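Throughout, a chain's letter reflects where its sequence line sits, starting with A, and its residues are numbered from 1. These figures come from a predicted structure and were not determined experimentally.
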Number of protein chains: 2
Amino acid sequence: MTGHRNETHPEATPAPAPADVALKLEEFLPYRLNVAAGLVSQALALVYADRHRFSLPEWRVLVTLGQFGMMTAKAIGAHSHMHKTKVSRAVALLERRKLVTRRANRADLREAFLSLTPAGRDVYGELAPAALAFAGQLMDAVDSADRPALDRALTRLTERAAQLAPEFANTNGDR
Amino acid sequence: MTGHRNETHPEATPAPAPADVALKLEEFLPYRLNVAAGLVSQALALVYADRHRFSLPEWRVLVTLGQFGMMTAKAIGAHSHMHKTKVSRAVALLERRKLVTRRANRADLREAFLSLTPAGRDVYGELAPAALAFAGQLMDAVDSADRPALDRALTRLTERAAQLAPEFANTNGDR
DNA sequence: TATTGTTATACTCTATAACTATA
DNA sequence: TATAGTTATAGAGTATAACAATA
């Protein structure tokens, strides 16, 4: 895929020299996404860093269970883009902290139904509004006219990247 | 965008007991950014995974030097959002591979001017177009009418997240 | 004393595979 | 044989601080 031709820009290039399409890191989309996601994660960590200290996988499990109420580990992984080993370990940690509980599925003993304990729901009820407020603070920085486009763009980029990414027909989600 | 009241579930639902929390992971901006950035990075890795195998810090140093020609490690870190230790190690690896060379600054012997070797420029000249083509493939997935908004939104989000993130008045950039 | 850059250390994550128990 | 989930292992990546050399 070492394409050279510059056919990927349908709209007219404002640049005077069409031949010289320079790679500028600060304009390079993967870099910008990485920096943005990293800073956002770092800032978000403050929301649940003081009282509780959750890893990102734990946070995702907590939120997913808070959202859906009860589901299997596999379903959690599918919904939160996490490999089954990540889910397994995150669930184990949350169980140890009495925030998640499991109930065997008598129809299929390989899996179990996971859900938040009352304590888990308390934590979720405390963190979810804070997380939403945080996302609101972020979104407030974006011009309201640009928000629908951002939403669409993120969806398309994720789809496309998933197509281009390696091993996506695997057992579970990724990384 | 902190959606509040959510009365869309009149029927008895077993799950969310506390305040009607409308936190949906799949709509949560930090999560979406994380997933998008992760998949994009994974896909991008294919661009420089076969021949050369660069870590992300190495890739950033290479691109930054390719873009600016010659600069100090500190300047590289500032431009590519990397801590000095990351830059130091990435540069050391690239030097070992004869892709980067250093020249002492006789006006200040603490620092050195780094630049790509001819071999480094060859690699850059090979990878940069591939990277641009990759970014083009990504961008092609986004409706062209949405691209300027995406650009603005990413800038604003990064700014805001940097404000909200911890310890950003530090010595250097972050992670 | 402050700054550039390097190194050491410990720690967190992660991927991968191997394994279990069920189906 | 296939699937849900767990555990083992090893490797990569990271942050932090301590350090050396120079200013």
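- The aromatic rings of B/Phe28 and A/Trp59 sit tilted relative to each other, their planes meeting at an angle between 30° and 60°.
- Between B/Lys86 atom NZ and C/dT6 atom P the separation is 16 Å, expressed in whole Å.
- Here A/Ala112 lies in heavy-atom contact (under 4.0 Å) with sugar-phosphate atoms only.
- Rounded to an integer number of Å, the gap from CE of A/Met82 to P of D/dT6 is 12 Å.
- Rounded to a whole Å, the CG atom of B/Leu93 is 12 Å from the P atom of D/dA12.
- Between the NZ atom of A/Lys74 and the C1' atom of D/dT6 there is a distance of 16 Å, rounded to whole Å.
- Taking atom CD1 of residue A/Ile76 and atom P of nucleotide D/dT6, one finds them 10 Å apart after rounding to whole Å.
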Report summary line: A correct 5'-to-3' footprint of nucleotides 17-23 of chain D, with B, S and - meaning base, sugar-phosphate only and no protein heavy atom under 4.0 Å, is B---BBS

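- Distance NZ/B/Lys86 to CZ/B/Arg60: 7.0 Å, rounded to 0.5 Å.
- Between the CH2 atom of B/Trp59 and the C1' atom of D/dA12 there is a distance of 20 Å, rounded to whole Å.
- For A/Arg53 and C/dC13, the CZ to P distance is 12 Å, given to the nearest whole Å.
- Residue pairs that meet the salt bridge (charged side-chain N to carboxylate O under 4.0 Å, His left out) test with at least one member in residues 25-35 of chain A, sequence neighbours left out, are A/Arg32-B/Asp151.
- Note that CG of A/Asn34 and OG of B/Ser80 are 11.5 Å apart. Values are rounded to the nearest 0.5 Å.
- Shown here are the side-chain hydrogen bond (donor to acceptor under 3.5 Å, both in side chains) partners of B/Asp122, two or more places apart in sequence or in another chain: there are none.
- When rounded to the nearest whole Å, the span between CD of A/Gln42 and C1' of C/dT12 equals 15 Å.
- In this structure, CG in A/Leu94 is found 5.0 Å from CD in A/Glu58, a value given to the nearest 0.5 Å.
- In terms of position along DNA chain C, the nucleotide closest to B/Glu111 lies nearer the 5' end than the nucleotide closest to the other residue of the pair A/Ser55 and B/Glu111.
- Listed nucleotides: D/dA15, D/dG5, C/dT14. Nearest to the side chain of A/Arg102: D/dG5.
- With rounding to the nearest 0.5 Å, the separation of OG1 in A/Thr64 from NE2 in A/His79 is 6.0 Å.
- Ranked by how close their nearest DNA chain D nucleotide is to the 5' end, A/Ser88 and B/Leu56 are led by A/Ser88.
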